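Here is how names work: the chains are called A, B, and so on, in the same order as the sequence lines, proteins then strands, and each is numbered from 1. The structure displayed is predicted, hence computed values, not measured ones.
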Number of protein chains: 2
Amino acid sequence: MGRNLSFNEKETLVKVANIFREKGYEATTVKDLEKATGLTSGSLYNSFGGKEVLFDIAISFYNNNIVRNRISTFLDQAEDPLVGLKDLFHSLLNEPDGRENGCLLTNTAVEFNNRRRHITQELDTGFSLLEAAFKRQIIRCAEKGKISKPPSPQLTATRLLIFYQGILVLVRAGLRRKEIDQIVNDEIDLILGRLS
Amino acid sequence: MGRNLSFNEKETLVKVANIFREKGYEATTVKDLEKATGLTSGSLYNSFGGKEVLFDIAISFYNNNIVRNRISTFLDQAEDPLVGLKDLFHSLLNEPDGRENGCLLTNTAVEFNNRRRHITQELDTGFSLLEAAFKRQIIRCAEKGKISKPPSPQLTATRLLIFYQGILVLVRAGLRRKEIDQIVNDEIDLILGRLS
DNA sequence: AAAATTTTAGATTGTTTGTTTTAAAATGAA
DNA sequence: TTCATTTTAAAACAAACAATCTAAAATTTT
């Protein structure tokens, strides 16, 4: 009964997540959201709720789709686990659309000084997703003889997470792209204690 | 002629920089600035200009005072350069006031997607200040025989900068403090290729 | 086709925002 | 003291904002 939504929810959430990623929560206006999605505020409020709720949904969507997808593509599905890992890091420096918007998780972690608990929790989820994937990848690398098994794959994974976040800060500011590109391979080899 | 300012400019700028560091640019209201400084908007506008100008001044002040001071205290004046370097990193995890506000440069780099050119430039200045200090410290460490001289102190310094920024992201979100505290020493030893 | 229900677009609301203005108080120079 | 100038505090302003409401259009179900 009643008509159906004329837009695809998933596609819309991609657009919403992207505009929040570009501008951050505070700087994004409802008008921005209208322009980005092609919908009017009425539709947005009807389907999702206010700006705040929409942001929560976008973060969750980002974790369960964008992040998971990146992990799957670059890490889990990679033939050579070490190459896949490096490719993931290099991909941060060359965003598809040529922009330098970084990562929604990173940007949000910095913007919201863990003021809102449930956001911090969702960020933790996303970071843990990455960290766990790094850990799996480290173990795979060791199994394939690419590296010697590190004493604590867990801590090594956290190191990679820190490195990952650090890159995203500089990328976001548009700074030191060339140097970072140069450093990525070495740093990963170093952290993983690559056999040379 | 005319009366003098009743407040200390430097003290005020410290407070301004701190509130911007805590809340970010967009989320900070003029009312916040009034509360933080104890001045009214009239006084602020008279002495400094609007919110935007005040932010520019705060960033510049932060570079030339807070950042330089930290570099001087932890790095240049350190007896043992390696210990000083590690202390600097550990200090990120234990802010004086018990908060977790991170670094104004990091927070701003992430909030302003290099939309405003002169801000990005000022950020670059601050990052370069850190990077250069890291480089000096690396060379001092090598001279003192703490480490073997790395092939490129410049790139090694950039690595440390990335690591530094990465920590600040997680600190800001209030995440993984214990693990990071554990990792800092190892990572610095690793990056610097410490003699063991 | 008719009825029921939902989406949609645009106008509107009340609030918050950054900024300016005003007048009084304070202070330095003549 | 007197005058000139600045700071100060509080009110006032206009713009931007998130959010809601309204009526019309659309589309599914009966």
Side-chain angles (χ1 to χ4, degrees), chain A residues 1-59 61 104 107-108 111-113 115-116 118-119, chain B residues 1-59 61 104 107-108 111-113 115-116 118-119:
Chain A
M1 43 181 96
R3 66 188 271 203
N4 292 333
L5 261 50
S6 71
F7 59 90
N8 180 282
E9 184 176 312
K10 203 160 179 174
E11 284 172 12
T12 299
L13 285 179
V14 168
K15 291 170 185 167
V16 168
N18 260 325
I19 189 74
F20 277 131
R21 188 164 70 98
E22 179 188 332
K23 297 196 152 198
Y25 176 77
E26 293 288 349
T28 299
T29 66
V30 174
K31 191 155 285 187
D32 288 330
L33 291 168
E34 290 180 322
K35 207 182 299 177
T37 60
L39 305 176
T40 61
S41 65
S43 304
L44 288 171
Y45 276 79
N46 249 321
S47 298
F48 302 104
K51 181 184 171 187
E52 200 169 325
V53 176
L54 197 48
F55 185 77
D56 295 346
I57 296 173
I59 289 262
F61 175 84
L104 181 60
N107 302 353
T108 304
E111 182 175 5
F112 290 179
N113 184 9
R115 273 188 291 267
R116 281 164 60 197
H118 71 285
I119 289 284
Chain B
M1 41 179 96
R3 67 188 269 202
N4 291 332
L5 260 48
S6 71
F7 59 91
N8 180 283
E9 183 176 312
K10 203 161 178 174
E11 284 172 10
T12 299
L13 285 179
V14 169
K15 292 171 185 167
V16 169
N18 259 324
I19 189 72
F20 276 131
R21 189 165 68 98
E22 180 189 332
K23 298 196 148 199
Y25 176 76
E26 294 287 349
T28 299
T29 66
V30 175
K31 191 156 284 188
D32 289 331
L33 291 168
E34 290 180 322
K35 206 182 297 177
T37 60
L39 305 175
T40 60
S41 65
S43 304
L44 288 171
Y45 275 79
N46 250 322
S47 299
F48 301 104
K51 181 185 170 186
E52 200 169 328
V53 176
L54 197 49
F55 186 78
D56 294 346
I57 295 173
I59 289 263
F61 176 85
L104 181 59
N107 302 352
T108 305
E111 183 174 4
F112 291 177
N113 185 9
R115 274 188 289 267
R116 281 163 60 198
H118 70 285
I119 289 282

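- Nearest to the side chain of A:Tyr45, among D:dT20, D:dT8, C:dT19, sits D:dT20.
- Using cut-offs of 30° and 60° for the angle between ring planes, the A:Phe20 and A:Phe55 rings count as perpendicular.
- If you check every strand for non-hydrogen atoms under 4.0 Å, B:Ser47 touches nothing.
- Remark: the backbone N or O of B:Thr29 is not paired with any side-chain donor or acceptor of B:Lys23 at under 3.5 angstrom.
- Rounded to a whole Å, the CG atom of A:Leu54 is 12 Å from the P atom of D:dA18.
- Contacts of A:Thr29 with the nucleic acid, taken as non-hydrogen atoms under 4.0 Å apart, involve only primed sugar atoms and P, OP1 or OP2.
- For the pair A:Lys10 and A:Phe61, the cation-pi test (distance below 6.0 Å, angle within 45°) is failed.
- Remark: A:Leu39 CG to A:Phe48 CZ distance equals 7.5 Å, nearest 0.5 Å.
- The nearest whole Å value for the distance from the CD atom in B:Glu52 to the P atom in D:dA15 is 18 Å.
- Distances were taken from every side-chain heavy atom of B:Ser41 (C-beta onward) to each of D:dA18, C:dT19, D:dT8; the shortest belongs to C:dT19.
- Straight-line distance from the CG atom of A:Leu44 to the P atom of C:dT7: 12 Å, rounded to whole Å.
- Between A:Phe48 atom CZ and C:dT6 atom C1' there is a gap of 15 Å when expressed in whole angstrom units.
- The side chain of A:Thr40 places no N or O atom within less than 4.0 Å of a non-bridging phosphate oxygen (OP1 or OP2) of C:dT8.
- The CG-P distance, from A:Asn46 to D:dT22, rounds to 14 Å in whole Å.
- One atom, CG of A:Leu39, and another, P of D:dA25, lie 20 Å apart when rounded to the nearest Å.
- The side chain of A:Lys51 has D:dA18 as its nearest neighbour among C:dA9, C:dG18, D:dA18.
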